[in-house]
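Encoded as structure tokens, the structure appears first; notes follow it.
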Amino acid sequence: MIKITFPDGTVREYEKGVSSLDIAKSISEGLARKILAANINGQVRDISRPVNEDATLQLLTWNDKDGKSTFWHSSAHLMAEAVESLFPGVKFWVGPAIDNGFYYDMDLEDKKMNEEDLQRLEKKMNELARQNNSYTRKEISKSEAIQYFANKNDPYKLDLIQGLHDGEITFYSQGNFTDLCRGPHIASTGIIKAIKLTSIAGAYWKGDEKNKMLTRVYGITFPSQKELDEYLLMVEEAKKRDHRKLGKELGIYTMDDDVGQGLIMWMPNGTVIIEELEKLAKETENEAGYKRVVTPHIAKESMYITSGHLPYYADSMYPPMEMDGEKYYLKSMNCPHHHKIYAAEPKSYRDLPYRIAEYGTVYRYEQSGELFGLMRVRCLHMNDAHIYCTKEQFNEEFRAVNDMYLKYFKIFGIEKYVMRLSLHSPDKLGVKYVNEPELWKETEIMVRKVLMESNIPYVEVMDEAAFYGPKIDVQIFSAIGREFTLATNQVDFSQGRSFKLEYTDQSNKSETPLIIHRAPLGTHERFIGFLLEQYAGKFPLWLAPIQVKVLPISDKFIDYAKTISQQLKNADIRAEVDDRQEKIGKKIRDTELMRVPYMLVVGEKEMSENNVAVRRQGKGDAGVKKMDEFLNEIKQEIKDRRAE
RNA sequence: GCCACUUUAGCGUAGCUGGUAGCGCAUUUCAUUCGUAAUGAAAGGGUCGCCGGUUCGAAUCCGGCAAGUGGCUCCA
């Protein structure tokens, strides 16, 4: 007999060799029908695998992350079976489960797949699922495995097998399809009830753009049609808050072919938001002891040689302009200009920390396929600043920057983000990263310490650092699920030396300062893109392009509406009058759709007593108020910069 | 940049296998002067992304280019 320990701590005894499925059956038939996989001593396994020793066991269902991914991984195999039957001779690479479904990479050679083929594949998959074929596991020797895929003429699987050790190779089969696979899998195809193949894409073999591009098919499956329908509905809802859609609807920004790809033009409504953000940044940075600077948009080639950005980053810079034999580049970062300001006057340790800030405009020639609405553009406005400090001051300064992030995030109500400690990769020293192994080690410890002391949850990721030092990135997800760095806080132990930046220390020696690069509000482009999605277009009052719309019941009250709006404007509140000849219902509807926070309905009753009928966007009628009372309340709400 | 797909009025869209374009919203005008999410009527607006080819004839078929979308790669 063996002892099985369940997640709640209970221990039960079973015959040696019992399967997870049998164990589930011993608990309840309902559970047995629902389990997809089992976590045995920390390893996810097929439910049919025998358990031969004492173990901790968690039975995994659709509600467990590992249960879902097993289900989706098995779905990828089912899709591969369907592909093989409709595209004979196809070669497969890998087909993992992902956060939302699965994909399979394949080489169709001279054949092509289109959207209609996805329908055919779905149909075939449904047919195969209904056959309810079992997923069967088979241990196989390396030579047999090689034999099998050599016969099948599949170079990709052979490449995978090369990396595996004899004795640890397994095949999984279902129906007519056999794949090299570590598993685990669900018991049989019949429990896959709802299938949606979502897209066809190209993907480089092994993720390397020098390699051949394979065809990747994405899909998602569910144990019931209802869940698929819900998922599809959720995707539709997410699209409604896509910043590209909202940006157009709300008149935030526009682009034009004659201006160029990825070059944003901010319309009046967007410009209001930019100016409010800058106001906030300036207030916050003044308080934190920053000084403001302004620098030009171009610089000579020599500066980017000094900074180390050329020639490595030349590809992502606009090509140079030549004047009088000199090459000038559009700046793709503000740091070198700021370093020159630091260097303009000799510094003593008494001048440090030296903090200079600028909403700097930079240009990056991003590859055309990478552009994405406001999130990835070619001209961006950075909430940039550089802090030059001593090693002793570093901890406090870096931490102050982190605290500034958190303060901002509270103002904006930003909760769904991941703090990422981005570290270098030692095997890329001298290639992607400055070759200073000791300094890397030292600064990474310093940054980690700040995070730990601030008690901020974070993840550590290798090979994501800047070339000049480690950083903390704030990762967010767009409405359609793409990941972006919203804000960044970076250490730089390298550029100080490249630019020969110095300060005189207490003992009259020259020292190189450490530099902190930081952009807590990221860029206007990405930040506003993010805010549009975060608020679904409903900006908090202080950011709203139009804060109050005054809606006269009829033409007779336009003059009164104008005096109300003028009073608001006198108090620096962004107000407008809707003087169209429309019914009040229409005016309210249009104003609601434009997400204007406050509507003031005025007619006979209000005019006679200097009142306004207040309506809050999305919340309906808020009752009649004295104009003075409303004015005081709204002024306070704007001052508070509350996130709803 | 690479793979696939898409591109019809300011916006959202219809247009089967080729016979030179409709609808809704928006706009303008007129009527209406209205009490909390769409008043009615009329009018204007498109060389169907651009260039070329096939054809008696192209929004529709073919090729190239551009932009956009979904991915991949990249993201100082």
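In what follows, chains carry the letters A, B, and so on, assigned in the order in which the sequence lines appear, proteins first and then strands, with residues in each chain numbered from 1. Just so you know, these numbers come straight off a predicted model, no measurement behind them.
- Closest to the A/Leu593 side chain, of the nucleotides B/A67, B/A37, B/U33, is B/A37.
- When each of B/A76, B/U73, B/A37 is scored by its nearest atom to the side-chain atoms of A/Arg589, the top-ranked nucleotide is B/A37.
- Close to B/U36, at under 4.0 Å from its OP1 or OP2, lies no side-chain N or O of A/Arg616.
- Residue contacts for A/Gly603: at a heavy-atom cut-off of 4.0 Å it reaches a base atom on one of the strands shown.
- Taking atom CD of residue A/Gln261 and atom P of nucleotide B/U7, one finds them 19 Å apart after rounding to whole Å.
- The residue A/Tyr468 sits close only to the backbone: its heavy atoms come under 4.0 Å of sugar-phosphate atoms, none of a base.
- Figure legend: cation-pi geometry between A/Arg378 and A/Tyr363 absent, as NZ or CZ is not positioned both under 6.0 Å from the six-membered ring centre and within 45° of its axis.
- Counted by atom type alone, A/Asp463 and A/Tyr433 present one or more donor-acceptor pairs between their side chains at under 3.5 Å.
- Checking A/Glu358 against A/Thr295 by side-chain atom types alone, a donor-acceptor pair falls below 3.5 Å.
- OP1 or OP2 of B/G35 has not a single side-chain nitrogen or oxygen of A/Lys556 nearer than 4.0 Å.
- Using a 4.0 Å cut-off between a side-chain N of Lys or Arg and a carboxylate O of Asp or Glu, A/Arg241 and A/Glu533 do not qualify as a salt bridge.
- Looking at heavy-atom distances under 4.0 Å, A/Leu214 makes no contact with the nucleic acid at all.
- In this structure, the CG atom of A/Asp315 is 13 Å from the C1' atom of B/C75, given to the nearest Å.
- Distance CG (A/Asn100) to P (B/G71): 11 Å, rounded to an integer number of Å.
- Distances were taken from every side-chain heavy atom of A/Tyr204 (C-beta onward) to each of B/C72, B/G35, B/U39; the shortest belongs to B/C72.
- A close approach under 4.0 Å does occur between a side-chain nitrogen or oxygen of A/Arg244 and OP1 or OP2 of B/G70.
- No hydrogens or angles were tested; on distance alone, a donor-acceptor pair under 3.5 Å links the side chain of A/Ser316 to the base of B/A76.
- For B/A4, one of the phosphate oxygens OP1 or OP2 lies less than 4.0 angstrom from a side-chain nitrogen or oxygen of A/Lys112.
- Picking from B/U33, B/G70, B/C75 the nucleotide with the shortest atom distance to the side chain of A/Arg526 gives B/C75.
- Geometric assessment of A/Arg482 against the ring of A/Phe372 yields a positive cation-pi assignment under the 6.0 Å and 45° thresholds.
- Across all strands, A/Thr591 comes closer than 4.0 Å to no nucleic acid atom at all (heavy-atom distances).
- As judged by a 4.0 angstrom heavy-atom cut-off over every strand, A/Arg378 is placed among residues making no nucleic acid contact.
- Residue A/Lys432 places no side-chain N or O under 4.0 Å from the OP1 or OP2 atom of B/A76.
- Rounded to an integer number of Å, the gap from A/Asp257 CG to B/A66 P is 11 Å.
- Nucleotides B/A14 and B/U60 have their C1' atoms positioned 14 Å apart, rounded to a whole Å.
- Separating the CZ atom of A/Arg580 from the P atom of B/U29 is a distance of 14 Å, rounded to the nearest angstrom.
- Between the CD1 atom of A/Ile264 and the C1' atom of B/G68 there is a distance of 13 Å, rounded to whole Å.
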Working note: A/Asp117 + A/Arg120, criterion salt bridge (charged side-chain N to carboxylate O under 4.0 Å, His left out); need CA distance, chi angles, decisive distance, verdict. CA-CA 5 Å; A/Asp117 292 320; A/Arg120 289 167 58 220; 2.5 Å; yes
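- When each of B/U36, B/A76, B/U73 is scored by its nearest atom to the side-chain atoms of A/Ile588, the top-ranked nucleotide is B/U36.
- Put simply, A/Tyr313 rests on the base of B/A76: the two rings are less than 5.5 Å apart at their centres and nearly parallel, under 30°.
- Comparing A/Met255 and A/Thr215 by the nucleotide of RNA chain B that holds the closest heavy atom to each, the one mapping nearer the 5' end is A/Thr215.
- For the pair A/Arg376 CZ and B/C72 P, the interatomic distance rounds to 12 Å; values are reported in whole Å.
- A residue-by-residue look at A/Tyr218 and A/Lys248 shows that A/Lys248 has its nearest nucleotide of RNA chain B further toward the 5' end.
- A salt bridge links A/Glu236 with A/Lys239: at least one charged nitrogen is closer than 4.0 Å to a carboxylate oxygen.
- With distances taken from any side-chain atom of A/Glu370 to the nucleotides B/G71, B/U73, B/U36, the minimum falls on B/U73.
- Ranking B/U39, B/A76, B/C5 by closeness to the A/Lys583 side chain, first place goes to B/U39.
- The CG-P distance, from A/Asp258 to B/G49, rounds to 17 Å in whole Å.
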